[in-house]
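Chain letters run A, B, ... following the sequence lines, proteins first and then strands; every chain starts at 1. Values below: all heavy atoms of this structure, side chains included; hydrogens, waters and symmetry mates excluded.
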Amino acid sequence: GQSLEQPSEVTAVEGAIVQINCTYQTSGFYGLSWYQQHDGGAPTFLSYNGLDGLEETGRFSSFLSRSDSYGYLLLQELQMKDSASYFCAVGNNLFFGTGTRLTVIP
Amino acid sequence: ETGVTQTPRHLVMGMTNKKSLKCEQHLGHNAMYWYKQSAKKPLELMFVYSLEERVENNSVPSRFSPECPNSSHLFLHLHTLQPEDSALYLCASSQGKGTGNEKLFFGSGTQLSVL
């Protein structure tokens, strides 16, 4: 089977850095993906890690450690518009976590 | 705009009604998906179509019936639904064959309420 664990809520201050962790169990590993979803909007792809290490895309970075079945999404220089839900996803045809609701405060 | 369009955006139906959700992708992708998103639950994969052939059916009740007439269109036919089926139904597409950890492009979803 497959399971994912991520924190349900995180609050951070504008301009700060926040890390959203994800631990997973999956029978077949096809990489770890991250998606962002604003209230009332569609999930949008943020990042993918197929191998161990850090992937950087602008203010967002994602990290994977396959030996620890663990990854994280790092958001730097937080902006108010980053307030959204963030989902990690693994496996064939993408099994999603329950999501982390990030609230950025002034 | 992600290139995946879903209609209607909102739908209210009774338990005896029959309705259909529509999804269209303008990206030239090969695979299309239906996901269900309920409050406080993870996105649940319902169906996957690759090149118009169903490749995944995730133990979904028969009151949900998908149809993929071509690689650009996907429907979800609904009949005799239950109140617990109320949720956001999301369509997605990907470039590949619908296997592996592919980059998904989601539509904005249909918010369904079953009375």
Q. Taking C-beta and beyond as the side chain, do L90(B) and P43(A) meet within less than 4.5 Å on heavy atoms?
A. yes
Q. Considering only heavy atoms, which portion of L32(A) lies under 4.5 Å from any heavy atom of chain B: side chain, backbone, both, or neither?
A. backbone
Q) Do F29(A) and F95(A) sit in the same hydrophobic cluster, where Ile, Leu, Val, Met, Phe, Trp and Tyr count as joined when their side-chain heavy atoms come under 4.5 Å apart? A) yes
Q. Is there a chain of hydrophobic side chains (I, L, V, M, F, W, Y, each step under 4.5 Å between heavy atoms) that links V114(B) to L76(B)?
A. yes
Q. Given a strict heavy-atom distance threshold of 4.5 Å, which part of Q37(B) is in contact with chain A: side chain, backbone, both, or neither?
A. side chain
Q. Under 4.5 Å between side-chain heavy atoms, hopping through other hydrophobics if needed: is there a path connecting L54(A) to L74(A)?
A. yes
Q. Which pair of heavy atoms, one from F45(A) and one from L104(B), lies closest together, and at what distance?
A. CB-O, 4.2 Å
Q: Determine the option with the most heavy-atom pairs under 4.5 angstrom with chain A, choosing from R9(B), K103(B), Q111(B).
A: K103(B)
Q) Would you say I20(A) and F63(A) are hydrophobically clustered, going by side-chain heavy atoms of ILVMFWY under 4.5 Å? A) no
Q: Consider only side-chain heavy atoms of I, L, V, M, F, W and Y, link residues closer than 4.5 Å, and tell whether L88(B) and M13(B) are in one cluster.
A: no
Q) How close do G107(B) and A42(A) get, heavy atom to heavy atom, and via which atoms? A) O-CB, 2.9 Å
(Q) Check this for me: Q79(A), atom CD, are more than 12 non-hydrogen atoms of other residues, nucleotides or ligands nearer than 6.0 Å? (A) yes
**Q.** Worked verdict on L43(B) versus Y35(A) for side-chain contact (heavy atoms from CB on, under 4.5 Å)
**A.** CA-CA 11 Å; L43(B) 278 81; Y35(A) 286 77; over 6 Å; no
